[in-house]
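Notes for the one structure printed next.
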Amino acid sequence: MARSNVLVTGGSGYIGSHVVLQLLLSKRYNVAVIDNSANSHPESIKRVEAIASEETGEKQQVRLFQGDLKKREDVESIFTYFEQNEDKQGLNGVIHIAALKAVGESAEKPVDYYLNNIAASIQLLDVMRQHNCFNFVYSSSATVYGEPPKVPIPEESPLQHESPYARTKVFFEYMLKDIANAQPDKWRIISLRYFNPAGAHPSGRIGEDPLGKPNNLLPLLAQISVGRSYGQLKVFGNDYPTYDGTCVRDYIHVMDLAAGHMNALDALPKDDIFHDVGPGKAKAYNLGTGQGQSVLTMIESMRKASGFDYQYQIVDRRPGDVPNLTADPALAQKELGFKTIRGLEEIGAYKDTSADTSNTQRIQHRDIWYKGSDGASVVLSNGGAQDYSTGNVPSATDGRTVMNGLPTSTGGVYGIQEVGGGSSRHSDSASSMHRNNSNDKTQTQTHNTYAPHASSESSTSSDSNLSAGPIVGIVVGVLAFIFFALLFFGKYRRRVNRRRVNAYARSQGMARAQPSYGDSSGAGGGVGGGGVMMSQTAFNDGINEDGATTPTPLLSANNNNNNATLKSQHSRSYSEATNSSTFHHLHYPHLRKESNTSSLMPSETEKSNSIAAAPWFRGSSTSASNANTSDDSHSRNHSEALMFGMSRSDSDTSRFRKARNSFGSPLDML
Ligand SMILES: O=c1ccn([C@@H]2O[C@H](COP(=O)(O)OP(=O)(O)O[C@H]3O[C@H](CO)[C@@H](O)[C@H](O)[C@H]3O)[C@@H](O)[C@H]2O)c(=O)[nH]1
């Protein structure tokens with residue numbers, strides 16, 4: 001049977017990218033993604049394709065649609081595409097992950113939240129029914145439980161909503177029930193209530209690295225451990241009724257969470273799971289481990305993983321926090337076959353003992369470098385910049401420890417961009433979803449646009465000092481000597497310091513913690529965030545070392561001999577594709593300094609070029625090369641903006657409280 005066609009909204013985001021990866025790995029789905037890149041980056045899809053290709057031994061591609069769920073025509077075009085192309089069977093199902101997700105921000109921008117999380121989502125359902133697609137997996141959240149009366153929390157726990165964000169999740173779950181009840185023979189809907197997603201794919205090539213100071217605990221700990229300073233770590237309250245007084249959460253590895261989506265897709269066709277709901281087929285499941293961990297436990301866990309000696313301060317409770325959110329995952333285990341197989345160790349850190357021996361060669365071969373602001377030549381590499389002048393490229397035995405953050409749901413409803421994916425179709429596996437027929441009417445929706453703000457923060461250092469002696473005369477000569485000696489020494493110290501920091505950051509699989517790169521408005525600075533930008537350009541330019549065009553960035557029939565083959569044929573593309581954690585480079589505030597918001601987002605011209613080049617996707621080899629051209633411009637303009645699951649401000653919870661109070665409890669009316 002043919003593969004099922006599945007659309008993943010927000011598929012480039014933190015959770016979305018891991019879900020897409022799982023779908024590809026199963027080799028049972030043709031995966032389309034709609035994302036607008038506001039909270040994510042299309043680069044993640046390329047990396048997902050690379051990982052999936054390597055792991056399956058077959059080329060795996062995603063059809064990545066640049067679009068905004070708030071624009072009906074964007075959504076329609078994907079459904080239409082699958083009806084008119086590929087196997088013409090249309091889309092079989094949707095995994096809806098895209099949403100805004102920050103509790104604090106939701107109180108400040110409730111319209112945005114309702115527009116994105118509710119209005120756009122309803123519109124998506126409307127387009128689905130118009131196109132006879134009735135299989136739906138929804139990204140919900142443990143936030144729907146508010147402060148639960150019972151822990152571990154079963155699904156029948158009362159739904160409560162303490163913020164506009166929580167309300168969007170609760171409301172939409174109710175809406176899904178109504179919709180399913182109205183057409184019980186058509187819709188099949190599963191809501192997945194995520195607990196606290198954490199960790200990343202073990203390669204470190206995809207993961208979460210929020211923009212600016214993370215609000216969530218784990219990305220904050222990860223970033224602190226590699227030298228990003230956000231002031232003292234604060235533990236919000238130690239007087240909760242928990243085992244050590246700090247809040248307890250159920251941290252679930254994002255790979256396990258992603259696998260839960262596969263379980264849900266597989267369960268959708270099964271009538272028996274819906275036997276106790278109805279008449280419509282809409283049901284919610286917890287995705288958590290069932291194990292609660294306190295804030296202090298997580299700090300200790302990350303201390304062990306990173307070796308970083310966290311200093312923290314106990315401060316007042318954070319408004320809105322509840323003592324304990326731990327899932328009862330029994331229902332998902334029983335009915336979906338869901339299980340978690342990764343624990344705290346995998347969440348906290350990943351020691352990449354398989355750091356492959358071709359690493360050094362690959363990087364040398366790639367030969368992408370630029371001048372740092374201090375004149376040093378730098379080559380980008382796995383997990384850090386290298387001083388190329390020394391030839392000091394990463395050792396093959398360098399274990400990469402990839403620190404990863406977490407948070408919850410979503411990729412970002414605000415947009416996506418770029419275009420990708422080929423058109424290979426396979427017919428070797430079963431389709432788990434079936435289409436229904438219907439002819440419902442559609443409606444149109446207007447919308448706003450939104451662009452994330454680049455944070456701006458600089459860091460400077462000055463280590464050199466000059467001292468003048470009290471004597472004149474011949475002392476002038478001595479002073480001159482001292483001057484130059486100190487100048488040299490200062491520069492040397494800066495370089496040594498930088499290498500030390502870089503070495504540490506590299507060992508964490510994180511970005512270089514190097515203030516000097518982005519400081520320069522020269523080659524190292526600018527929109528590209530320095531070397532990252534140049535490297536992106538290099539490996540996306542489709543030109544190989546011999547000057548020949550490289551039409552397809554990835555391939556990998558055999559992991560064992562890929563390197564040799566690819567180095568000669570696709571070296572740059574492959575280097576990029578296998579270069580772990582380069583995205584981490586892009587999150588250091590100084591790398592954004594030279595950028596502005598518009599540089600983070602595709603220009604209208606770029607968008608239209610992209611669409612014109614290959615209407616929404618790369619469907620053929622001809623259009624692929626065209627699309628590559630436009631993709632490059634996107635990559636260049638976005639490469640410094642890899643905002644995997646960028647979290648928004650959770651601050652100002654008092655305002656959120658106020659909003660909650662004034663808003664009342666709309667669900668009471670339901
Ligand atoms: O600097 C910090 C940050 C967090 N915490 C604590 O760490 C715990 C976890 O906080 P965080 O990582 O922010 O996650 P949650 O508050 O549990 O919220 C996440 O998980 C929820 C589902 O469980 C989702 O609804 C939210 O959107 C998502 O942000 C809480 O007790 C916080 O008070 C600190 O002590 N210090």
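Atoms within each ligand, like the ligands themselves, are counted from 1 in listed order. Numbers for residues simply follow the sequence, beginning at 1. In what follows, every heavy atom counts, from backbone to side chain, and hydrogens, waters and symmetry copies are set aside. Note that the structure is a prediction, hence the values are computed from the model and not measured.
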Ligand 1 to K234, heavy atom cutoff 4.0 Å, flagged ligand atoms 1 (O), 2 (C), 34 (C), 35 (O), 36 (N)

For a quick check under 3.5 Å, do E173 and S140 share a side-chain donor-acceptor pair by atom type? yes

If we number the atoms of ligand 1 from 1 as shown, the ones under 4.0 Å from a heavy atom of D321 are 16 (O), 30 (C), 31 (O), 32 (C), 33 (O)

Check your understanding: Mind checking whether F172 and Y138 have ring centres under 6.0 Å apart?
Key -> yes

Using distance alone, decide if ligand 1 has a nitrogen or oxygen within less than 3.5 Å of any nitrogen or oxygen in L220. no

Checking heavy-atom distances from atom 5 (N) of ligand 1 to each of F236, F195, Y312, the winner is F236

Go through the side-chain N and O atoms of E105 and Y165 and say whether any donor and acceptor fall under 3.5 Å apart. no

### Task
Using only heavy-atom distances, determine whether the side chains of T297 and Y243 contain a donor-acceptor pair under 3.5 Å.
yes

Ligand 1 atoms nearer than 4.0 angstrom to some heavy atom of L325 are 23 (O)

Original post:
With only distance considered, is Y194 within less than 3.5 Å of ligand 1 through an N or O on each side?
Top reply: no

Counting from 1 in the order shown, the ligand 1 atoms closer than 4.0 Å to a non-hydrogen atom of N196 are 14 (O), 15 (P), 17 (O), 19 (C), 20 (O), 22 (C), 23 (O)

Restricting to heavy atoms, the pick from V295, L218, V144 nearest atom 8 (C) of ligand 1 would be V295

Atoms of ligand 1 under 4.0 Å from any heavy atom of N215, numbered from 1 in the order shown, are 3 (C), 13 (O)

| query | Taking 4.0 angstrom as the limit, do K150 and D328 come out as a salt bridge? | reply | no

From the list K334, E335, E155, side chain to side chain donor-acceptor pair (under 3.5 Å) with Y285 holds only for E335

Does R188 qualify as a cation-pi partner of F274, given the criterion of NZ or CZ under 6.0 Å from the six-membered ring centre and within 45 degrees of its axis? no

Per-atom filter on ligand 1: closer than 4.0 angstrom to a heavy atom of Y165 are 25 (O), 27 (O)

Counting from 1 in the order shown, the ligand 1 atoms closer than 4.0 Å to a non-hydrogen atom of Y251 are 8 (C), 9 (C)

message: For a quick check under 3.5 Å, do Y194 and S139 share a side-chain donor-acceptor pair by atom type?
response: yes

For K101, the ligand 1 atoms with a heavy-atom partner under 4.0 Å come out as 27 (O)

